[in-house]
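Report on the following structure.
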Amino acid sequence: MSSVLRDILSGPPEDAAPRLIGAHLVSDIGDKQVRIRLTEVEAYKGSDDPASHAYRGETIRNSSMFKDPGTLYVYRSYGIHWCANTAAGPPGVGWGILMRAGEIIDGKGVVIGRRGRRDSLTDGPGKLTQALGIIGDHNGLDLLDPASVVRLEPGAAPAGLVMATPRVGISRAKDIPWRFVEATSVG
DNA sequence: AGGATGATGGACT
DNA sequence: GTCCATCATCCTA
């Protein structure tokens with residue numbers, strides 16, 4: 001049995017990332033379900049990528065990225081937010097995909113409660129994890145396990161094209177176009 | 001609409 | 001001590 005997502009995530013992150021657009025990131029946390037359709041992701045390629053947390057090799061912090069594809073890597077960003085990646089590629093390489101933004105398919109009321117506002121709910125990596133209730137405790141779980149409290153599921157393919165642009169918020173390898181965004185509307 | 005800034009913790013030099 | 005794969009808020013226009 002091999003899932004579509006497992007096949008996608010088995011490859012290099014710059015190939016897998018655009019194919020993750022449209023997939024669903026689902027959480028069952030605190031007795032509530034939230035389902036978000038991914039619209040923005042970024043690829044990070046381990047030791048080949050100066051912008052990657054895994055650039056200098058495996059550490060306690062980034063070890064989830066070195067595990068099987070589909071392993072959830074959660075890290076604290078700027079001391080305040082949590083950000084979520086999925087490991088990609090074969091174990092040991094430290095490749096990953098940062099899940100940055102999406103649209104709420106189900107559980108919007110839950111998200112409004114968690115975010116404490118009604119707008120700008122899931123348009124950034126820190127916001128996305130807060131919307132889903134993902135925290136550091138969830139680091140290392142298997143996103144491809146249907147029984148996992150946080151998981152990836154296949155979703156509708158992108159309506160439009162997927163655009164590749166430079167990644168956001170990094171200071172090195174700024175020129176590599178490994179940010180992938182669904183081109184939703186014209187313009 | 002867009003630029004500046006403070007919050008805040010862990011990894012790294 | 002410095003650097004962040006960020007966000008919300010507070011300015012100026």
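Residue numbers start from 1 in every chain, and the chains themselves are labelled A, B, ... in the order their sequence lines are given, proteins ahead of strands.
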Considering non-hydrogen atoms only, spot the tightest contact between [X] and [Y] and give its length.
X: A:Asp49; Y: A:Ala173; answer: OD1-CB, 4.1 Å
X: A:Ile134; Y: A:Ile29; answer: N-CD1, 4.3 Å
X: A:Val34; Y: A:Gly107; answer: CG2-O, 4.0 Å

To the nearest 0.5 Å, what is the distance between [atom1] on [X] and [atom2] on [Y]?
X: A:His24; Y: A:Ile105; atom1: NE2; atom2: CD1; result: 4.5 Å
X: A:Arg100; Y: A:Cys83; atom1: CZ; atom2: SG; result: 8.0 Å
X: A:Gln33; Y: A:Asp28; atom1: CD; atom2: CG; result: 4.5 Å

Atom [atom1] of [X] to atom [atom2] of [N]: distance rounded to whole Å?
X: A:Arg100; N: C:dC7; atom1: CZ; atom2: P; result: 7 Å
X: A:Asp119; N: C:dT9; atom1: CG; atom2: C1'; result: 15 Å
X: A:Lys174; N: C:dC4; atom1: NZ; atom2: P; result: 8 Å
X: A:Trp82; N: C:dT6; atom1: CH2; atom2: C1'; result: 14 Å
X: A:Ile60; N: B:dG10; atom1: CD1; atom2: P; result: 14 Å
X: A:Asn139; N: B:dA11; atom1: CG; atom2: P; result: 11 Å
X: A:Leu128; N: C:dA5; atom1: CG; atom2: P; result: 18 Å
X: A:His53; N: C:dC3; atom1: NE2; atom2: P; result: 16 Å

Query - Donor-acceptor pair between A:Gln130 and A:Arg115 side chains, under 3.5 angstrom - result: yes

Closest to side chain of [X], choosing from [options]:
X: A:Pro125; options: B:dC12, C:dT6, C:dA5; answer: C:dT6
X: A:Lys127; options: B:dC12, C:dA5, C:dC7; answer: C:dC7
X: A:Arg56; options: B:dT13, C:dA5, B:dG9; answer: B:dT13

Query raised in the report: Applying the side chain to side chain contact (heavy atoms under 4.5 Å, CB included) test to A:Leu5, which of A:Leu143, A:Thr86, A:Leu152 qualifies?
Result: A:Leu152

Query raised in the report: Of A:Arg117 and A:Arg172, whose closest DNA chain C nucleotide lies nearer the 5' terminus?
Result: A:Arg172

Counting any heavy atom closer than 4.0 Å, what does [X] reach on the DNA or RNA strands: base, sugar-phosphate only, or nothing?
X: A:Arg61; result: sugar-phosphate
X: A:Met99; result: nothing
X: A:Ser120; result: nothing
X: A:Arg115; result: sugar-phosphate

Query - Common cluster, A:Tyr75/A:Val41, ILVMFWY with side-chain heavy-atom separation under 4.5 Å - result: no

Query raised in the report: Between A:Arg19 and A:Asp15, is the closest basic N to carboxylate O distance under 4.0 Å?
Result: no

Output one line per pair: protein atom, nucleotide atom from nucleotides 1-8 of chain B, and distance, for all N/O pairs under 3.5 Å.
{"unit_1": "B:dT8", "atom_1": "O2", "unit_2": "A:Tyr78", "atom_2": "O", "d": "2.2"}

Query raised in the report: When you look for runs of 3 or more Watson-Crick or G-U pairs in a row, both distances below 3.5 Å, which of them include DNA chain C?
Result: B:1-7 with C:6-12, B:9-12 with C:1-4

Report task. Compare the ring of A:Tyr75 with the six-membered ring in the base of C:dA5 and state whether they stack (centres under 5.5 Å, planes under 30°). Result -> no

Requested in this report: State whether A:Ser171 places a side-chain N or O below 4.0 Å from either non-bridging phosphate oxygen (OP1 or OP2) of C:dC3.
Outcome: no

